[in-house]
J.: 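First, the structure itself, so that you have it in front of you.
Note on naming: letters A, B, ... go to the chains in the order of the sequence lines (proteins, then strands), and numbering restarts at 1 for each one. Please read all numbers here as calculations on a predicted model, not as lab measurements.
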Number of protein chains: 2
Amino acid sequence: MSEEPKPRRRQARGERRIAQLLQAAANVFCANGYTASSTNAIAREAHVSPGTLYQYFPNKEAIAIELGERLLHQMREAHGQAFTPENLALPLPGLLDAVVDPLIEFNCANPAFLALMHGSEVPGRIAEEHDELHATLLTRVQEVIAHYAPTLPAEDRLRTAGMTFAAFKGGLDLVLAAPEGAERDATIAELKTLLLRYLSPLVEPPVTESPSVQSPSVERPVTTTPSR
Amino acid sequence: MSEEPKPRRRQARGERRIAQLLQAAANVFCANGYTASSTNAIAREAHVSPGTLYQYFPNKEAIAIELGERLLHQMREAHGQAFTPENLALPLPGLLDAVVDPLIEFNCANPAFLALMHGSEVPGRIAEEHDELHATLLTRVQEVIAHYAPTLPAEDRLRTAGMTFAAFKGGLDLVLAAPEGAERDATIAELKTLLLRYLSPLVEPPVTESPSVQSPSVERPVTTTPSR
DNA sequence: GGCAAACACGAGTGATCACTCGCGTTTCTC
DNA sequence: GAGAAACGCGAGTGATCACTCGTGTTTGCC
């Protein structure tokens with residue numbers, strides 16, 4: 001009935017330990033996957049005894065869930081600022097920069113995120129929340145497509161959004177596999193090119209007074225700004 | 001020194017058991033991932049005792065390796081017939097059909113393949129062989145691109161091939177997630193559209209006597225034949 | 001300074017897993 | 001049909017893992 005039957009008062013030290021443990025868990029999960037990671041290994045990575053770990057988490061799954069929720073929250077922030085209305089006013093290449101860069105940035109900075117979300121071995125709870133995020137992102141992409149191609153039938157829009165997102169995920173893996181630096185930047189630019197070429201034929205020119213101008217800008221190998 | 005210190009004579013019954021065990025292993029690996037699958041569970045799935053399983057495989061890893069090698073072999077056959085020289089003579093949409101369809105077919109029929117190749121939890125041996133296949137496929141894609149765009153610098157060609165393959169993998173996941181039937185077919189067609197729009201701007205018209213004709217056919221939302 | 005609660009420890013516990021072993025059954029070979 | 005070898009079984013074994021518990025230390029509060 002009551003929401004919090006355990007009003008355990010945490011000290012500052014405790015909060016620090018939790019953060020420390022979650023960081024260690026992220027490293028270990030990232031290296032070995034969820035199932036193959038032992039709680040003792042996480043405790044060792046955090047320079048802490050197994051008993052201490054279980055003072056803050058009731059079981060192994062809870063560690064993954066807490067870590068997953070924190071990452072998911074950061075992810076939501078990242079994509080929240082990516083899909084702002086003013087970005088929608090941008091031409092397609094600009095929008096791609098505005099949307100793709102933060103998402104890539106986040107996944108580069110938090111490799112544990114994909115490791116935790118992608119496996120079929122993760123506890124069900126994480127999978128559910130990941131599905132929610134997935135659905136949210138898909139909706140956003142659909143909205144963007146609807147904005148650029150208002151006359152596209154809803155069915156086509158859904159299919160296009162799904163494929164756009166799937167291609168992005170594939171490209172994201174490639175970006176993460178590339179070594180940081182120039183090569184990674186080039187891969188990111190290439191991913192944007194892919195998305196631009198895929199979506200360009202769909203955009204309908206905004207209704208203006210001049211009905212003749214119309215150049216989908218797809219002949220040149222488009223280079224969007226390489227971020228930073 | 002000798003190559004085969006164990007010339008164990010297998011009876012027909014034994015070969016059948018092996019196939020049965022590998023099929024069971026494919027199901028279990030596919031459902032739970034490699035690490036979380038127990039050898040006892042595989043034996044149970046095959047309606048066989050744990051002892052019998054270990055009559056044919058020295059350890060758990062050997063099961064995954066044998067299964068992986070058989071799938072890899074089938075995969076090589078599938079992509080071998082996909083990249084034939086006569087397919088290279090086809091226009092780009094035709095080539096996409098010829099290459100994409102068999103690969104998708106294979107992965108639909110053998111979901112264990114991706115489950116075994118994708119995880120970071122698999123025994124090192126599998127990962128190595130998968131990397132080899134990956135490199136082979138990448139080379140093939142590069143050759144195809146070189147055929148369609150002979151003047152493209154090698155560096156660009158490599159990047160394009162990598163992104164093409166990455167996008168295909170992303171799209172493949174989407175296809176596998178779609179329910180079989182019309183929806184899956186539509187997803188496959190959309191994947192081909194994506195690849196076509198990405199690659200079309202690169203193709204250079206074959207050198208003929210008429211130097212003026214040149215229409216990259218990218219304005220219309222291209223529909224490749226939906227296979228079968 | 002003294003008390004209670006939060007923090008920290010690490011050896012210990014029960015469950016599970018990969019793998020073995022001894023023995024009985026089927027199949028092949030002559 | 002008899003001997004050998006492949007096949008088949010399932011209880012058992014040692015290792016590892018998630019998790020606990022008794023005890024000692026640090027911190028917040030009066």
Side-chain angles (χ1 to χ4, degrees), chain A residues 4-25 27-29 31-67 116 119 121-126, chain B residues 4-25 28-29 31-68 116 119 121-126:
Chain A
E4 282 293 309
K6 278 201 174 187
R8 177 74 155 273
R9 280 177 44 223
R10 294 248 108 99
Q11 301 181 352
R13 190 173 28 149
E15 296 293 345
R16 257 181 281 128
R17 275 270 179 271
I18 291 182
Q20 183 183 359
L21 282 164
L22 288 178
Q23 181 58 54
N27 295 340
V28 177
F29 285 155
N32 310 109
Y34 173 76
T35 312
S37 299
S38 78
T39 54
N40 289 16
I42 296 174
R44 206 178 317 120
E45 171 85 13
H47 307 290
V48 146
S49 87
T52 297
L53 185 152
Y54 280 94
Q55 179 135 117
Y56 297 101
F57 300 99
N59 51 49
K60 179 179 172 181
E61 184 175 332
I63 304 172
I65 289 180
E66 179 64 26
L67 179 59
L116 212 49
E121 46 173 6
V122 291
R125 180 71 186 289
I126 298 267
Chain B
E4 281 293 309
K6 278 202 172 186
R8 176 71 156 273
R9 281 176 44 221
R10 294 248 109 99
Q11 301 181 355
R13 191 174 24 151
E15 297 292 345
R16 256 181 282 126
R17 275 270 179 271
I18 290 182
Q20 184 184 359
L21 282 164
L22 288 178
Q23 181 57 55
V28 177
F29 285 155
N32 310 108
Y34 173 76
T35 312
S37 300
S38 78
T39 55
N40 289 17
I42 296 174
R44 206 179 317 120
E45 171 86 13
H47 307 290
V48 145
S49 87
T52 297
L53 184 152
Y54 280 94
Q55 179 134 121
Y56 298 102
F57 300 99
N59 51 51
K60 181 180 172 180
E61 183 176 333
I63 304 172
I65 289 180
E66 179 64 26
L67 178 61
L116 212 47
E121 45 173 5
V122 292
R125 180 71 186 287
I126 299 268

J.: If I take atom CG in residue A/L53 and atom P in nucleotide D/dC17, what distance separates them, rounded to the nearest angstrom?
T.: 14 Å
J.: Sequence neighbours excluded and cut-off under 3.5 Å, please list the side-chain donor-acceptor pairs for residues 15-22 of chain A, or say none.
T.:
| from | atom 1 | to | atom 2 | distance (Å) |
| --- | --- | --- | --- | --- |
| A/R17 | NH1 | A/Q20 | OE1 | 2.6 |
| A/Q20 | NE2 | A/A46 | O | 2.8 |

J.: From the list D/dG8, D/dC17, C/dC19, which nucleotide is the closest neighbour of the side chain of A/S38?
T.: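 The closest nucleotide is D/dC17.
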J.: Ignoring hydrogens, what is the shortest heavy-atom contact between A/E121 and A/G33? Give both atom names and the distance.
T.: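 Result for this residue pair: OE2-CA, 3.8 Å.
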J.: Are B/I42 and B/F29 side-chain neighbours, meaning at least one heavy-atom pair lies under 4.5 Å?
T.: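 Side chain of B/I42 against side chain of B/F29, heavy atoms only: contact under 4.5 Å found.
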J.: Contact class for B/Y56 vs. all strands (heavy atom < 4.0 Å): base, sugar-phosphate, or nothing?
T.: sugar-phosphate
J.: Compare side-chain N and O positions of A/T52 against OP1 and OP2 of C/dC7 and report whether any pair is under 4.0 Å apart.
T.: no
J.: Can you tell me how far C1' of D/dC19 sits from CD of A/E61, to the nearest Å?
T.: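 Result: 14 Å.
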J.: Using a heavy-atom cut-off of 4.0 Å across all strands, would you classify A/S37 as base, sugar-phosphate, or nothing?
T.: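 Contact class for A/S37: sugar-phosphate only.
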J.: Measure the CG-NZ distance between A/N40 and A/K60 for me, rounded to the nearest 0.5 Å.
T.: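 Rounded to the nearest 0.5 Å, the CG-NZ separation comes to 10.5 Å.
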J.: Roughly, in whole Å, what's the span from CD in A/Q55 to P in C/dC7?
T.: 6 Å
J.: Check the distance between D/dC17's P and A/Y34's OH and give it to me in whole angstrom.
T.: 14 Å
J.: Write out a two-atom table: protein N or O, nucleotide N or O from nucleotides 23-30 of chain C, distance below 3.5 Å.
T.:
none

J.: 5'-most contact on DNA chain C: B/Y54 or A/R10, nearest heavy atom basis?
T.: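 The answer here is A/R10.
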J.: With sugar-phosphate meaning primed atoms plus P, OP1 and OP2, does A/G14 contact a base, only sugar-phosphate, or nothing at under 4.0 Å between heavy atoms?
T.: sugar-phosphate
J.: Out of curiosity, B/T52 OG1 to B/Q55 CD, how far, rounded to the nearest 0.5 Å?
T.: 6.5 Å
J.: Which listed nucleotide (D/dC9, C/dA18, D/dC19) is nearest to the side chain of A/P50?
T.: D/dC19
J.: For B/I18 and D/dC7, what is the distance between atoms CD1 and C1' respectively, to the nearest whole Å?
T.: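 Answer to the nearest Å: 12 Å.
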J.: Nearest-Å distance, CZ (A/R16) to C1' (C/dA6)?
T.: 13 Å
J.: I need the A/I65 CD1 to A/F57 CZ distance, nearest 0.5 Å.
T.: 11.0 Å
J.: Measure CZ/A/F57 against C1'/D/dC19 and give the value in whole Å, please.
T.: 15 Å
J.: Measure the distance from NZ on A/K60 to P on D/dC17 and round it to the nearest whole Å.
T.: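 Rounding to the nearest Å, NZ of A/K60 and P of D/dC17 are 9 Å apart.
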J.: Among C/dC7, C/dG10, C/dC19, which nucleotide sits nearest the side chain of B/T39?
T.: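 Nearest to the side-chain atoms of B/T39, counting from C-beta on, is C/dC19.
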J.: In chain order, what residues pass the salt bridge (Lys or Arg N to Asp or Glu O under 4.0 Å) check against B/R44, with sequence neighbours excluded?
T.: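 Salt bridge (Lys or Arg N to Asp or Glu O under 4.0 Å) check on B/R44 returns nothing, list empty.
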